Amino acid sequence: MPPKKKAQVVKKTAKSEKGDDGETAPSGGKRKTAASVDRGGNKQKIPSSSADSSLHCHWLMKSEPESRFENGIDVKFGIEDLKKLPDQTGCWDGVRNYQARNFMRQMKEGQLAFFYHSNCKEPGIAGLMKIVKESYVDHTQFDRKDVHYDASSKPENPKWSMVDVQYQRTMKRYIPLSELKKYHLQHRDKGGPLKDMALFTRARLSVQPLTTEEFDFVLSLEDKEPL
DNA sequence: GCCAACGTTGGC
DNA sequence: GCCAACGTTGGC
């Protein structure tokens, strides 16, 4: 299941303290990031427009558009639910996977993300949203009542982050996973933009990056006949 | 509802 | 630090 997004609209008042980029995923290997300290002329942020060259600029985020109850709570949150929120904006809370979290921490305001419908009759890309607030502490990790409460996370050192996203538009036509998969297989054999798409190579990642080529190709499908 | 893939946990 | 057991994701 995708992260469940609550319908909370985050009040845009105070700038929340940004959770410092604490740990790196304990996953795979224990790579210690050479975090912060750069000896010598430590230039925090390179002012040049886009800081890290390694950063991605397009994303795909999964959520379940159909009702499903987890601990008695409905985790349904489809693109229509986002659209209904005040300002058509909501926080993408509930992500409890380090890689997905780390990708969210890389997100920059203004970047676009596909809203992907997962675990439903017809999975696929439903629309587009924009990152309107960069990562900050996901408060649901401390909420015992929340489906994604994490008893191991302490307020002094929060584990999980979220971003705010704003509805942009619904796709001109729904782009089903099955269609994307056909292109993916085709491109894998003969080459093409979707040959390495994370949706297929990292199937369980709920927040994933897309290259510009992947992103543009998917967008171009809107104006094509379904494959 | 099944189950493959894969992430996480914990014993050693 | 390895790895088996376990839990979760998410397509089908």
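None of the values given here were measured: they were computed from a predicted structure. Each chain gets a letter, A, B and so on, in the order the sequences are listed, and its residues count up from 1.
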Test of understanding: with ring pair (Phe, Tyr, Trp, His ring centres under 6.0 Å), list the residues that count as partners of Phe200(A), not counting sequence neighbours. His184(A)
Who pairs with Tyr116(A) by ring pair (Phe, Tyr, Trp, His ring centres under 6.0 Å), at least two apart in sequence or on another chain? none
May I ask you to verify if any side-chain N or O of [X] is less than 4.0 angstrom from the OP1 or OP2 atom of [N]?
X	N	answer
Arg202(A)	dG7(B)	yes
Lys181(A)	dG10(C)	no
Lys62(A)	dT9(C)	no
Tyr98(A)	dC6(B)	no

Spacing of [X] atom [atom1] relative to [N] atom [atom2], expressed in whole Å:
X	N	atom1	atom2	answer
Leu60(A)	dT9(C)	CG	C1'	15 Å
Asn119(A)	dA5(B)	CG	C1'	15 Å
Leu199(A)	dT9(C)	CG	P	16 Å
Lys121(A)	dG10(C)	NZ	C1'	15 Å
Phe69(A)	dT8(C)	CZ	P	19 Å
His148(A)	dT9(C)	NE2	P	7 Å
Lys182(A)	dC12(C)	NZ	C1'	15 Å
Arg101(A)	dT8(B)	CZ	C1'	14 Å

Just checking Tyr98(A) against Trp160(A), ring centres under 6.0 Å apart? yes
For Arg188(A), I'd like to know if atom CZ has over 12 heavy atoms of other residues, nucleotides or ligands within 6.0 Å. no
Lys121(A) atom NZ, over 12 foreign heavy atoms within 6.0 Å: no
Leu177(A) side chain, from C-beta outward: closest of dG10(C), dG7(B), dG11(C): dG11(C)
To the side chain of Ser118(A), which of dC6(B), dG10(C), dG7(B) is closest? dG10(C)
Please work out if Tyr116(A) contacts a base, only the sugar-phosphate, or nothing of the nucleic acid, heavy-atom cut-off 4.0 Å. sugar-phosphate
Suppose we call a contact any N or O donor and acceptor under 3.5 Å apart; does that hold for the side chain of Arg96(A) and the base of dT8(C)? no
